[in-house]
Trainee: 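So that we are looking at the same thing, I have put the structure below in structure tokens.
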Amino acid sequence: MQDRLKELQIEALEKVAAAADLKELNDIRVSYLGKKGPITEVLKGMGKLSAEERPKMGALANEVRDAISGQMEGKQKELEEAAVQKQLAAEEMDVTLPGRPVKMGSHHPLTSIIEEIEDLFIGMGYTVEEGPEVEKDYYNFEALNLPKGHPARDMQDSFYITEETLLRTHTSPVQARTMEKHQGKGPVKIICPGKVYRRDNDDATHSHQFMQIEGLVVDENIRMSDLKGTLEVFAKKLFGEDREIRLRPSFFPFTEPSVEMDISCKICGGSGCSVCKGTGWIEILGAGMVHPNVLEMAGYDSKKYTGFAFGMGPERIAMLKYGVDDIRHFYTNDVRFLKQFSVEE
Ligand code: FA5
């Protein structure tokens, strides 16, 4: 029995030394030290031994077990360390390699044009106001000299939510709200960019949802020439010094007199082409002197205060500036279109 135990020890230690990985080592542990292993099997025969031999044999069996498990512990550490080193070698990376370029998005062309126009007016002393897109009928129409039933309401076909609320059809209600806030006192000098909604049929130059930028100046002695000068500076800064502007008489119930501003066509230089429909001019905004009724309704003394206002369509301006032939490109989110405005590429 003693010899058999020694044999088993030598055999097990040889196998432990040769184990190639942790799994193999564990298999050796189970097969030699487990309940069904050969050492347990040998010890089952202890019953046949004499009373003196039994403790000696027990002590020897423990020695053999300790020798095997001690060697296994050392081997296990060695194999674990080898596994870590192998993993480290497999995951080795070169931190000096150049990184992969990250694709950058870009500003939407409408955002860019709105920011450019905002900067231009901020440079002329204007502040930027905001107003709600879900608006009261009062501010969208009534406070702008368009009482209920006024035929000019048809100029802007509307999305009503209730009898008294609608999606604003233009940014002009912000004029009324701002003047009301100033409680009849000047000066007021604001622009207001924002979304507006109309029941227009979508085509190359019309959308049912589009942007507008409103402008309003109210003070003593504001004249039509101030409006003209302001619009001229704006147009030349945005489109270039060589562009001409022209004001045409028009009608808006909230301004008197009212005008529309055209800008000379860049494509044909004024001789007429398909973009300007043969006229040499393209309309970009409506404007005029604030109607005395509008000033009075907002609490201003229209004998003391005068003002001018304008409302422009940034989509139309962006179409002209960037040569875009269909307003729907701004809203279909085709990355091939948007990528052309990326500054990184
Ligand atoms: C107005 O909305 C007036 N509130 C502008 C105004 C403000 C006049 C202050 C006087 C004083 P109009 O409906 O013309 O006016 O629209 C102004 C601009 O919005 C147009 O010149 C055009 O550039 C743009 N626009 C109008 N309808 C659409 C549409 N369906 N799609 C895209 N842009 C549009």
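Remember, it's 1-based here, ligands and their atoms both numbered in the order they're listed.
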Trainee: Could you check whether Arg168 and Gln212, counting side-chain N and O atoms only, form a donor-acceptor pair closer than 3.5 Å?
Mentor: no
Trainee: Where do Tyr305 and His182 land on the ring-ring contact (aromatic ring centres under 6.0 Å, His included) test, with the steps shown first?
Mentor: CA-CA 13 Å; Tyr305 285 103; His182 278 73; over 10 Å; no
Trainee: By salt bridge (charged side-chain N to carboxylate O under 4.0 Å, His left out), which residues pair with Arg223, not counting sequence neighbours?
Mentor: none
Trainee: Below 4.0 Å from any atom of ligand 1, which residues have a heavy atom? Give them in chain and number order, please.
Mentor: Gln156, His170, Ser172, Gln175, Arg198, Asp200, Thr205, His206, Ser207, Phe210, Gln212, Glu214, Phe252, Phe254, Thr255, Glu283, Ile284, Leu285, Gly286, Ala287, Ala309, Phe310, Gly311, Gly313, Arg316, Ile327
Trainee: List, one per line, each side-chain donor-acceptor pair under 3.5 Å for residues 183-195, sequence neighbours excluded.
Mentor:
residue, atom, partner, partner atom, Å
Lys189, NZ, Met124, O, 2.8

Trainee: Running the 4.5 Å side-chain criterion over Ile, Leu, Val, Met, Phe, Trp and Tyr, what cluster does Tyr197 land in, apart from itself?
Mentor: Val134, Phe159, Ile161, Leu167
Trainee: Hey, is Glu129 close enough to Arg177 for a salt bridge, meaning N to O under 4.0 Å?
Mentor: no
